[in-house]
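Order of the sequence lines fixes the chain letters, A, B, ..., with proteins taken first and strands second; residue numbering starts at 1 for each chain.
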There are 2 protein chains.
Amino acid sequence: MSTPGRGLHGHVLDTLGPAITAGEYPPGSVLRTDELAQHFEVSRSVMREAVRVLESMHLVESRRRVGVTVRPKAEWNVYDPQVIRWRLAGADRPHQLRSLTVLRSAVEPVAAGLAAQHATAEQCAELTECALGMVANSRGHRLEEYLVHDIAFHRVVLTASGNEMFARLGDVVAEVLAGRTHHEVMFEDPDPAAVTLHVRVAEAVRAGDAVRAEELTRQITVGALQELDILAP
Amino acid sequence: MSTPGRGLHGHVLDTLGPAITAGEYPPGSVLRTDELAQHFEVSRSVMREAVRVLESMHLVESRRRVGVTVRPKAEWNVYDPQVIRWRLAGADRPHQLRSLTVLRSAVEPVAAGLAAQHATAEQCAELTECALGMVANSRGHRLEEYLVHDIAFHRVVLTASGNEMFARLGDVVAEVLAGRTHHEVMFEDPDPAAVTLHVRVAEAVRAGDAVRAEELTRQITVGALQELDILAP
DNA sequence: TGTGACGTATAAGTCTGACTTTTTGTCTCC
DNA sequence: GGAGACAAAAAGTCAGACTTATACGTCACA
């Protein structure tokens, strides 16, 4: 998905990042750069670079004469894709998945409405293609093929919205959808109603009907919330 | 707001970050660590740490034998508060302000609805207090005092939603509101209708009326969109 | 006993220089 | 003109010495 483990400091982050986000070091814990460097068998320079990255994510704070202290969860940069990945890979996964699904429920309908206004002809075509791909793979346990088209569909909607902030949530939505297929619910074929909704969203966007695109997408996200029992069914 | 300029590498970032986000180095530009270190009169170690931070924000990519190349804007971590601040401080400000306001219009109504369901008694009290503070400073060019309560109001709503992703947008919303008062529109006293809406949101949240809180907040954000001419008036 | 000033130990911060590794561009040779 | 070898360039890594800020303990004084 991105660029993991690039260089020694990246390898350190691959271990330390998940450990911190998983709560292995509770907020206020103090780490010492020298000790960490010894533990990971890297030089202090490399360790310092890793700490700087964690600091830029607001996971830790480095202070003289004190050390590297872990910050409380409320201060983390929870929108950092790296942080999201670390949390999705750890024990925090269910909680993180719920937070992200709620975020989706807020963002995607609005994004779909904007997409209806701003999507290019090419994006409309892509959207239709994705929706058709979902239909084609909606039966017969072709979950992986279905997932690919589902992810592409939502990514196109977010991009076509014309808002860069929305567009950058494409990766996050991809993680959520993939997580749903691979780890959580979804052992059966996808809900036919959901598939139909995607097709209708594609139609609405193509027709430039913002209100309908927004409402239909809202129905999709409501379904996602229900799957996680966030809404009453 | 946060912790700027901590250490030498922080000072380098304060200059280099805004320069990159402002587009002074177009995507694909190649920087050399050694040259940068000379230019900023710091050691290579310090420069490397700064580059690592920029890399974690996906602003640049560092590759052997090539150098530090600036990534296209579409790949930046636009949710990083630091990146947002840099962009708001530069020529990209109007565009960034629009993106964020659209994001607000998606997130805040949903957050308000959740807040109506999850807010504690204390949060309800805070909310009412903020709304009253807005009313009290809504006339007579007390823009600064009004702003403080406005920011606090929205921060409480986002926090009370109980969703960590929403809560972390508090700082972003604060920047947008402050930007509106200090740089853009808003030379006159705030729109009385908007003030009333805030009061009614506080009431709805206190009453646990999620639908009404969401709808009223949507009206607030629609107003914000109209101010920037994003919606037709 | 409480409080203030002072000194010291500590851990991060910085700098330097040497060395390694990877990658790219080029040059030769077939 | 293409394949392979070579060389240069820039990031990456490491070790060691030094600087700086600061938390904490100590001691004198009220």
Side-chain angles (χ1 to χ4, degrees), chain A residues 2-17 19-20 24-72 75-76 82, chain B residues 2-17 19-20 24-72 75-76 82:
Chain A
S2 78
T3 110
R6 293 240 307 161
L8 275 189
H9 93 283
H11 178 252
V12 170
L13 283 173
D14 288 340
T15 309
L16 201 50
I20 293 175
E24 258 173 66
Y25 304 93
S29 304
V30 177
L31 314 171
R32 256 83 49 93
T33 308
D34 290 11
E35 286 185 11
L36 289 175
Q38 275 190 17
H39 178 262
F40 288 105
E41 293 176 323
V42 296
S43 68
R44 281 198 319 137
S45 339
V46 169
M47 197 60 225
R48 285 180 54 75
E49 289 172 23
V51 168
R52 283 279 176 263
V53 173
L54 294 174
E55 203 177 23
S56 86
M57 297 167 173
H58 274 65
L59 294 183
V60 303
E61 188 183 1
S62 180
R63 276 167 57 197
R64 277 189 149 121
R65 165 63 210 226
V66 175
V68 178
T69 60
V70 178
R71 303 180 88 141
E75 296 176 15
W76 297 351
Q82 183 87 269
Chain B
S2 80
T3 111
R6 294 239 307 161
L8 276 188
H9 93 284
H11 178 252
V12 171
L13 283 173
D14 288 340
T15 308
L16 201 50
I20 294 175
E24 258 172 67
Y25 304 93
S29 304
V30 177
L31 313 172
R32 255 83 48 95
T33 309
D34 288 11
E35 286 185 11
L36 289 175
Q38 275 190 16
H39 178 263
F40 287 105
E41 294 177 322
V42 295
S43 67
R44 290 198 322 278
S45 341
V46 169
M47 198 59 225
R48 286 180 54 75
E49 289 172 23
V51 168
R52 283 280 176 265
V53 173
L54 294 175
E55 203 176 23
S56 86
M57 296 167 172
H58 274 66
L59 295 184
V60 304
E61 186 183 3
S62 180
R63 276 167 53 196
R64 277 188 149 122
R65 165 63 210 229
V66 174
V68 178
T69 61
V70 178
R71 303 180 87 139
E75 296 176 15
W76 298 351
Q82 184 86 267

Mind calculating the distance between CZ (B/Arg6) and P (C/dT14) to the nearest angstrom?
11 Å
Decide yes or no for B/Leu16 and B/Met47: does some side-chain heavy atom of the first lie under 4.5 Å from some side-chain heavy atom of the second?
yes
Look at all strands and tell whether A/Val51 reaches a base, only sugar-phosphate, or nothing, counting heavy atoms closer than 4.0 Å.
nothing
Over how many whole Å does the gap from A/Glu61 atom CD to C/dA11 atom C1' extend?
15 Å
Touch class at under 4.0 angstrom, heavy-atom based, for B/Ser45 against every strand present:
base
Let's test your reading of the model: under 3.5 Å, does the base of C/dA12 pair with the side chain of A/Arg32 as donor and acceptor?
no
C/dA9 base / A/Arg65 side chain donor-acceptor hit below 3.5 Å
yes
May I have the distance from B/His11 (atom NE2) to C/dG13 (atom P), rounded to whole angstrom?
17 Å
Take B/Val66 and B/Arg44, find for each the nucleotide of DNA chain D with the closest heavy atom, and name the residue whose nucleotide sits nearer the 5' end.
B/Val66
note: A/Asp34, atom CG; C/dG13, atom P; distance rounded to Å ~ 11 Å
Using whole Å, what does the distance between atom P of nucleotide D/dG12 and atom CE of B/Met47 come to?
12 Å
Within less than 4.0 Å of OP1 or OP2 of C/dG13, is there a side-chain N or O belonging to A/Arg52?
yes
Nearest listed nucleotide, side chain of B/Val46, among D/dA11, C/dT14, D/dT13
C/dT14
Distance, rounded to the nearest Å, where A/Glu41 contributes CD and D/dT13 contributes C1':
15 Å
Which residue lies more 5' along DNA chain D, comparing A/Arg64 with A/Glu49 via nearest heavy atoms:
A/Glu49
Atom CG of B/Leu31 and atom C1' of D/dA11 are separated, to the nearest Å, by 13 Å
Are B/Glu55 and B/Arg52 close enough, and set up right, to give a salt bridge (Lys or Arg N to Asp or Glu O under 4.0 Å), and what steps lead you there?
CA-CA 5 Å; B/Glu55 203 176 23; B/Arg52 283 280 176 265; 2.9 Å; yes
Gap between atom CG of B/Leu54 and atom CZ of B/Arg71 - 0.5 Å precision
12.0 Å
Within the structure provided, determine whether A/Arg32 and A/His39 are in side-chain contact (heavy-atom separation under 4.5 Å).
no
Select one nucleotide: of D/dG12, D/dT13, C/dA12, the one nearest the side-chain heavy atoms of A/Arg48.
C/dA12
Atom-pair distance (CZ on B/Phe40; P on C/dT14), nearest Å
15 Å
Count the heavy atoms of every other residue, nucleotide or ligand shown that sit under 6.0 Å from CD of A/Glu75, and state whether that count exceeds 12.
yes
Can you find a side chain N or O atom of A/Arg63 that sits less than 4.0 Å from OP1 or OP2 on C/dA11?
no
